[in-house]
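Have a look at the structure below before the remarks.
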Amino acid sequence: MKREIPIAMTMLAGLIVTAAFFSKAPWLQAANAELLSWALIFFSVAFLLGIGNLFRINLKQIAMRHPDWPYKAILLITLSGYLILGLLEIEGFIVYGDGSLGNKVYQDWIHGAVFKPLQATMFSLLAFYIASAAFRAFRARSFEATLLLGAGAVVMLAQVPLPIPGGSAIGSIVQPMQHFLMAFVNTAGQKAIIMGAALGVLATGLRIVLGIERSYLSE
Amino acid sequence: MKDFDRRWIFLAMGIVVVSLFTLEKPTEMPPSEYVQSYYDTIEALPEGSIVMLSADFDPASAAELLPTYQATIHHLLRRNIRVINVATWPAAPPYTRAGFDEIAPLYGKAYGTDWVELGFIPGDDVAMGSIGQSLRSAYATDDRDSTPIAELPLLDGIQDRMEGIEVLISMSAGYPGILEWIAQVGGRYEVPILTATTAVQTPDLFAYYPTQLSGFAGAATGATQYLQLVTVDMPVAVEGEPETLVDVKVNNQERMLIQAGAHMLILLLILVGNLLYFFTKGSR
């Protein structure tokens, strides 16, 4: 029964959610909405499990004086601090001004002053690494690689207004080429990949719903 | 070439970016068919319509998406279109609050009747499916001050299966984002969808336009083109006054010049790298 009950539940849930795509029967739609609500609850609980696991692993390493233990301590302090501040603010124990700006003002301040610049800085570094990688890795070693390089160069040139003498003339040549590449060549390739992937997902979904694929049961 | 110090490349990129940044030269770009369609779809909405605006991004992609996001908020509110804000990325709601707190008063719009913030919902595609199936099941309260959503007048006319929502707009930086909205909501409930995406995701969109996607603004280029359309009849920016949409447009146009410089440097590096490769091929 340890195997049969989960397989039956999976089959039932899968069939209801799939059937709800094709039928507007009220009972089916209600069942689908209920199942989706359960799924959202599971996702939220997963966050709690994740936080618990993060504490368990990092506290253990702090206690063992792992070489990186100060960073792990900072992680836990930051996580706890933001969580406590958030709960206090949402529950109304901390209110900014007359409260008309809502109950996330302090959380948003931390987001804007700390998280936003840090993440934006990390992402901005890509400009430097892409330039370095382009110099080292993009080689016309074969016919296919040359085609790829040519297409990339056309798209990059057409994507921006060129600030050089004759820039508009170059733009007027590469822009129709870019349109052809993106709207026809790219679209045809994308559609083929999408259809292939969709059929693969459908096959995998059917295998799970029918109980053939059981890897989610650790089998 | 193996011994080449890549810090020279970093320095070259730094010089290009900083020098073009100080030049402050706005550059105009003609709108593409896809951006024009994004703009026209919003223009065609009747006053009082309700639009769902999903913030599916975080600070890493804000440089590409925030200008379109702010311009879209201006565009919607200026046309007296009401907005339901949702988010499938946890770091997105602060952008929603900041945007609406700043922009809504300019058009005399009130929270609860003209716009609402439902906030982040975990669950990726499942969350999108749940929003499409029943907004009231997906959210119990709003994200601004935990008001039960039954008390938000804007949601009075909204039924299950997206009934009452004229258009869904996703500011998409990846997964979950526009492709999941199309799969879970667009085709299923026949809601027109618009999107603004990062450059990396833009090539994926052509396959869906115009049947499953009514229009899109791809990356900073799309943002620049859309901002030009939205600000056509707006007054020019005044120095010393708070930032307006026209300032956002000008800033974005200036940034296009920086992006153009960076693109050209990368192409030059590829060219030099290949020339060195071919000329040293024999000696290796």
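Quick note: numbers below take in every heavy atom, side chains included, and nothing from hydrogens, waters or symmetry partners. Since the model is a prediction, treat every value here as computed from it, not as a measurement. Order of the sequence lines sets the chain letters (A, B, ...), proteins ahead of strands, with each chain counted from 1.
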Between [options], which has the largest tally of heavy atom pairs under 4.5 Å with chain B?
| options | result |
| --- | --- |
| A/Ile193, A/Ile164, A/Asp108 | A/Asp108 |
| A/Ser37, A/Ala140, A/Gly152 | A/Ala140 |
| A/Lys24, A/Lys104, A/Lys191 | A/Lys104 |
| A/Ile194, A/Val17, A/Leu118, A/Val155 | A/Ile194 |
| A/Ala198, A/Pro161, A/Ala183 | A/Pro161 |
| A/Ala188, A/Gly92, A/Ala131 | A/Ala131 |

Which atoms of [X] come close to chain B, meaning under 4.5 Å heavy atom to heavy atom: side chain ones, backbone ones, both, or neither?
| X | result |
| --- | --- |
| A/Phe128 | both |
| A/Ala133 | neither |
| A/Phe47 | side chain |
| A/Leu126 | neither |
| A/Thr146 | neither |
| A/Leu35 | neither |
| A/Met156 | both |

Contact winner vs chain A - [options], heavy-atom pairs under 4.5 Å:
| options | result |
| --- | --- |
| B/Ala199, B/Ala91, B/Ala127 | B/Ala91 |
| B/Leu257, B/Asp101, B/Leu20, B/Asp58 | B/Asp58 |
| B/Glu117, B/Glu28, B/Met264, B/Arg97 | B/Arg97 |
| B/Pro203, B/Ala220, B/Pro122, B/Ala219 | B/Pro203 |
| B/Thr224, B/Leu265, B/Asp143, B/Ile266 | B/Asp143 |
| B/Gly123, B/Ser61, B/Ser146 | B/Gly123 |

Determine whether more than 12 heavy atoms belonging to other residues, nucleotides or ligands lie under 6.0 Å from atom [atom1] of [X].
| X | atom1 | value |
| --- | --- | --- |
| A/Phe43 | CZ | yes |
| A/Tyr216 | OH | yes |
| B/Phe21 | CZ | no |
| B/Arg7 | CZ | no |
| A/Met195 | CE | no |
| A/Tyr71 | OH | no |

Check: A/Gln29/B/Asp160 side-chain N/O donor and acceptor closer than 3.5 Å:
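Side chains of A/Gln29 and B/Asp160: no pair found under 3.5 Å.
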Heavy-atom closest pair, residues [X] and [Y]:
| X | Y | answer |
| --- | --- | --- |
| B/Ala60 | A/Phe123 | O-CD2, 2.8 Å |
| A/Gln159 | B/Met256 | O-CE, 3.9 Å |
| A/Ala20 | B/Arg161 | O-NH1, 4.4 Å |

Does [X] reach the side chain of [Y], with side-chain heavy atoms less than 4.5 Å apart?
| X | Y | result |
| --- | --- | --- |
| A/Leu149 | B/Asn274 | yes |
| A/Leu36 | B/Ser137 | no |
| A/Phe42 | B/Val126 | no |

Under 4.5 Å heavy-atom distance to chain A, tell me which part of [X] shows up: side chain, backbone, both or neither.
| X | answer |
| --- | --- |
| B/Ala62 | neither |
| B/Tyr34 | side chain |
| B/Leu205 | neither |
| B/Ile9 | side chain |
| B/Tyr111 | neither |

Ring geometry between B/Phe4 and A/Phe135 (parallel below 30°, tilted from 30 to 60°, perpendicular above 60°):
tilted
Would you compute the distance between atom OG of A/Ser44 and atom CD1 of B/Ile121 and round it to the nearest 0.5 angstrom?
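Atom-to-atom, A/Ser44:OG and B/Ile121:CD1 are 8.0 Å apart.
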Mind checking the CD1-NE2 spacing from A/Ile130 to B/His263? Nearest 0.5 Å is all I need.
9.0 Å
Assess whether ring pair (Phe, Tyr, Trp, His ring centres under 6.0 Å) is satisfied between A/His111 and B/Tyr95, documenting all intermediate values.
CA-CA 10 Å; A/His111 177 274; B/Tyr95 289 110; 5.7 Å; yes
Before you tell me yes or no, could you show the steps for B/Tyr277 and A/Arg141 under side chain to side chain contact (heavy atoms under 4.5 Å, CB included), namely the whole-Å CA-CA distance, both residues' side-chain angles and the distance that decides it to 0.1 Å?
CA-CA 9 Å; B/Tyr277 170 71; A/Arg141 287 197 174 94; 3.3 Å; yes
